[in-house]
Novice: 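Just passing along the structure, written as structure tokens.
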Amino acid sequence: MEKIGFIGYGAMGSMIIRRILSSGVLKESDLILTTRTIPKLKDLEKSYPWVEIAPDNIIVARKSRKLFIFVNTGMVKEVLEEIKDHLSLNTHIIYIAAGLTMGNVGKIFPGKISKVIPSLTSEVKEGISLVAHNLQVEEEDAEFVEEIFKVMGKVKIVEEDQFALGADLTSSAPAFISFILMKFTESSLKKGGFTRKEAEEMVIETLYGTAKLLHSTDLTLHDVIKLVATRGGITEEGLNVLDGELPSVFDELFKSTLEKYETLEIELDKEYKI
């Protein structure tokens with residue numbers, strides 16, 4: 001019986017696997033998985049005893065018609081080289097390594113390939129997973145991937161050259177937003193009046209409320225700004241400061257991250273050169 005295979009059980013991979021299992025989008029008995037440190041799977045095995053735990057990558061590759069590779073970017077080539085002779089051309093590989101193009105994966109496995117960039121927010125079934133497929137992926141294969149990641153939030157189909165910018169806006173954004181709020185909170189502490197815990201609670205609850213307001217209504221970001229900031233008021237004063245500083249900061253952020261992504265692609269292209 002062909003199964004759905006998973007290689008790797010790191011932070012993102014384990015979150016995705018557990019979300020798949022808890023959602024019921026796949027049956028426990030459909031899954032076969034392995035990871036470099038098998039004892040890490042002990043708790044998963046207790047919770048989902050019908051999942052098949054394999055001793056190595058080759059067994060997973062042989063048994064799988066769909067194969068998710070959840071190892072870090074630097075290990076993908078090693079895994080592909082190890083399993084390539086045990087894959088059929090009809091196998092469908094799905095991977096989450098940022099910066100690694102489907103073209104480079106295709107140099108080792110010239111079959112069906114999908115690339116997904118999930119988000120940490122998938123942990124709470126929110127956010128957006130970015131998905132792209134190569135030309136070999138048929139409609140049925142694409143629908144399978146999209147259904148899997150829909151149980152973790154929304155899915156957005158993109159072209160592969162959109163991943164770098166898209167990742168800044170989705171998978172990297174929780175860290176960017178958290179950093180901005182952390183610095184915002186830390187500056188407030190310099191003025192006294194609240195503890196860090198109190199200030200962070202106020203900011204987080206306000207962030208949640210703002211996101212919920214935007215998500216649940218037709219209000220745009222600009223609308224919210226207009227509703228809060230009255231002409232000549234205190235909020236407008238703060239917005240003037242932000243408008244003077246933030247555009248150049250974010251311009252530099254996108255410039256730096258997109259250059260880093262391009263550098264990583266170039267390095268990986270050399271590594272995967274035939």
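Only this structure's heavy atoms are used, side chains among them; waters, hydrogens and symmetry mates stay out.
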Novice: Mind checking whether Lys150 and Lys154 have side chains closer than 4.5 Å, heavy atoms only?
Specialist: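 When only atoms from C-beta onward are counted, Lys154 and Lys150 do not touch, as no gap falls below 4.5 Å.
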
Novice: Would Leu21 and Ile17 count as a side-chain contact (heavy atoms from CB on, under 4.5 Å) if you check the C-alpha gap in whole Å, the side-chain angles of each, and the deciding distance to 0.1 Å?
Specialist: CA-CA 6 Å; Leu21 288 165; Ile17 291 167; 3.9 Å; yes

Novice: Determine yes or no for a side-chain-to-main-chain donor-acceptor pair under 3.5 angstrom, with Ser88 supplying the side chain and Thr91 the backbone.
Specialist: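 Side chain of Ser88 to backbone of Thr91: a pair is present.
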
Novice: Got a donor-acceptor contact below 3.5 angstrom from the Asp30 side chain to the Lys27 backbone?
Specialist: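 Checking the backbone N and O of Lys27 against the side chain of Asp30, a donor-acceptor pair under 3.5 Å is found.
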
Novice: For Phe149, what residues pass the ring-ring contact (aromatic ring centres under 6.0 Å, His included) criterion, not counting sequence neighbours?
Specialist: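 By the ring-ring contact (aromatic ring centres under 6.0 Å, His included) rule, Phe149 matches no residue at all.
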
Novice: Quick one: side chains of residues 133-142, donor-acceptor pairs under 3.5 Å with protein atoms, not counting sequence neighbours, listed by atom name and distance.
Specialist:
residue	atom	partner	partner atom	Å
His133	ND1	Ser114	OG	2.6
His133	NE2	Glu146	OE2	3.1
Asn134	OD1	Ile113	N	3.2
Asn134	OD1	Gln136	N	3.3
Asn134	OD1	Val137	N	3.4
Asn134	ND2	Gly111	O	2.8
Asn134	ND2	Gln136	OE1	3.2
Asp141	OD1	Lys66	NZ	2.6
Asp141	OD2	Lys112	NZ	3.1
Asp141	OD2	Glu138	N	3.0

Novice: Only pairs at least two apart or in different chains count here, so list each salt bridge (charged side-chain N to carboxylate O under 4.0 Å, His left out) that has a residue in residues 44-53.
Specialist: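 Of all non-adjacent pairs touching residues 44-53, those that pass salt bridge (charged side-chain N to carboxylate O under 4.0 Å, His left out) are Lys3-Glu52, Glu52-Lys63.
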
Novice: Using a 3.5 Å distance criterion without hydrogens, assess whether the side chain of Glu147 forms a donor-acceptor pair with backbone atoms of Val25.
Specialist: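 No; judged by distance alone, with no hydrogens or angles, the pair does not exist.
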
Novice: Can you tell me if CZ on Phe184 sees more than 12 non-hydrogen neighbours from other groups inside 6.0 Å?
Specialist: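 Check fails, neighbour count at 12 or below.
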
Novice: Is there a donor-acceptor contact under 3.5 Å from the side chain of Arg19 to the main chain of Glu123?
Specialist: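 Yes: the side chain of Arg19 pairs with the backbone of Glu123.
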
Novice: Any donor-acceptor pair under 3.5 Å linking the side chain of Ser256 with the backbone of Glu252?
Specialist: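 Not confirmed, Ser256 side chain does not pair with Glu252 backbone.
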
Novice: Among pairs that include at least one residue of residues 234-245, which meet salt bridge (charged side-chain N to carboxylate O under 4.0 Å, His left out), considering only residues two or more places apart or in two chains?
Specialist: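 Listed once each, the pairs would be none.
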
Novice: Going by the angle between their ring planes, with limits at 30° and 60°, are Phe6 and Phe68 parallel, tilted or perpendicular?
Specialist: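 Rings of Phe6 and Phe68: parallel, under 30°.
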
Novice: Classify the side-chain pair Asp223/Thr220 by whether it contains a donor and acceptor separated by less than 3.5 Å.
Specialist: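 Side chains of Asp223 and Thr220: pair found under 3.5 Å.
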
Novice: In terms of hydrophobic clusters joined by side-chain contacts under 4.5 Å, are Ile20 and Ile96 together?
Specialist: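 Yes, because Ile20 and Ile96 connect within a single hydrophobic cluster, where side-chain heavy atoms sit under 4.5 Å apart.
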
Novice: Less than 3.5 Å apart, which donor and acceptor atoms pair up between the side chains of residues 72-84 and the rest of the protein, not counting sequence neighbours?
Specialist:
residue	atom	partner	partner atom	Å
Asn72	OD1	Gly74	N	3.2
Asn72	OD1	Met75	N	3.2
Glu81	OE1	Lys84	NZ	2.9
Glu82	OE1	Asn57	ND2	2.9

Novice: Are more than 12 heavy atoms, taken from residues, nucleotides or ligands other than Leu242, located less than 6.0 Å from that residue's CG atom?
Specialist: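 Atom CG in Leu242 is crowded, with more than 12 foreign heavy atoms closer than 6.0 Å.
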
Novice: Measure the shortest side-chain to side-chain distance between Ile128 and Leu130 over non-hydrogen atoms and say whether it is less than 4.5 angstrom.
Specialist: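 SC-SC contact between Ile128 and Leu130 confirmed.
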
Novice: With no hydrogens and no angle check, is any side-chain donor or acceptor of Lys40 less than 3.5 Å from a backbone partner on Tyr9?
Specialist: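 It does hold such a pair.
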
Novice: Is it true that Phe250 and Leu258 fall in one hydrophobic cluster, defined by side-chain heavy atoms closer than 4.5 Å?
Specialist: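 Result: yes, single cluster for both.
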
Novice: Would a distance-only check, ignoring hydrogens and angles, find a side-chain to backbone donor-acceptor pair under 3.5 Å from Thr101 to Asn104?
Specialist: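 Side chain of Thr101 to backbone of Asn104, a donor-acceptor pair under 3.5 Å: yes, one is there.
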
Novice: Would a 4.5 Å heavy-atom cut-off, applied to side chains only, mark Thr263 and Glu267 as touching?
Specialist: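 Answer yes - side chains close enough.
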
Novice: Using side-chain contact (heavy atoms from CB on, under 4.5 Å), reason through Val116 and Tyr95 one step at a time and then give a plain yes or no.
Specialist: CA-CA 6 Å; Val116 182; Tyr95 72 99; over 6 Å; no

Novice: Would you say the side-chain atoms of Ser64 pair up with the backbone N or O of Ala61, donor to acceptor, closer than 3.5 Å?
Specialist: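 No, the answer is negative, given that no donor and acceptor are paired below the 3.5 Å cut-off.
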
Novice: Keeping Ser122 on the side-chain end and Ser119 on the backbone end, is there a donor-acceptor pair under 3.5 Å?
Specialist: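 Judged by distance alone, yes, a pair lies under 3.5 Å.
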
Novice: For the pair Lys115 (side chain) and Leu100 (backbone), establish whether a donor and an acceptor sit closer than 3.5 Å, ignoring hydrogens and angles.
Specialist: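 Confirmed, Lys115 side chain pairs with Leu100 backbone.
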
Novice: Do you reckon Ile59 sits in the same ILVMFWY cluster as Phe70, going by side-chain contacts under 4.5 Å, direct or chained?
Specialist: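 No: no chain of side-chain contacts under 4.5 Å links Ile59 to Phe70.
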
Novice: Do other residues, nucleotides or ligands put more than 12 heavy atoms under 6.0 Å from Phe176 CZ?
Specialist: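 Buried by this count: over 12 neighbours within 6.0 Å.
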
Novice: Show your reasoning for whether side-chain contact (heavy atoms from CB on, under 4.5 Å) applies to Met152 and Lys125.
Specialist: CA-CA 4 Å; Met152 296 165 224; Lys125 203 180 175 184; 5.7 Å; no

Novice: Treating Ile, Leu, Val, Met, Phe, Trp and Tyr as nodes and any side-chain heavy-atom pair under 4.5 angstrom as an edge, say whether Leu169 and Ile177 lie in one connected cluster.
Specialist: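 Leu169 and Ile177: separate clusters.
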
Novice: Go through the steps to decide whether Ile4 and Leu67 satisfy the test side-chain contact (heavy atoms from CB on, under 4.5 Å), and finish with yes or no.
Specialist: CA-CA 6 Å; Ile4 313 299; Leu67 180 58; over 6 Å; no

Novice: Looking at Lys190 and Glu186, is any side-chain nitrogen of the basic one under 4.0 Å from a carboxylate oxygen of the acidic one?
Specialist: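 So Glu186 does not pair with Lys190 through a salt bridge.
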
Novice: Name the residue from Ile7, Leu87, Ile108 that meets the side chain to side chain contact (heavy atoms under 4.5 Å, CB included) definition with Ile93.
Specialist: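 Exactly one pass, corresponding to Leu87.
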
Novice: Do Leu33 and Leu44 have side chains that approach each other closer than 4.5 Å (heavy atoms only, starting at C-beta)?
Specialist: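 Heavy-atom side-chain distance check passes, below 4.5 Å.
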
Novice: Check for me, please, whether Ile16 and Tyr48 land in the same ILVMFWY cluster - side-chain distances under 4.5 Å, paths through other members count.
Specialist: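 As far as the 4.5 Å side-chain criterion goes, Tyr48 and Ile16 are connected within one cluster.
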
Novice: Tell me which donor-acceptor pairs under 3.5 Å the side chains of residues 199-216 have, and how far apart each pair is, sequence neighbours excluded?
Specialist:
residue	atom	partner	partner atom	Å
Thr206	OG1	Met202	O	2.6
Thr210	OG1	Thr206	O	2.7
Ser216	OG	Lys212	O	2.8

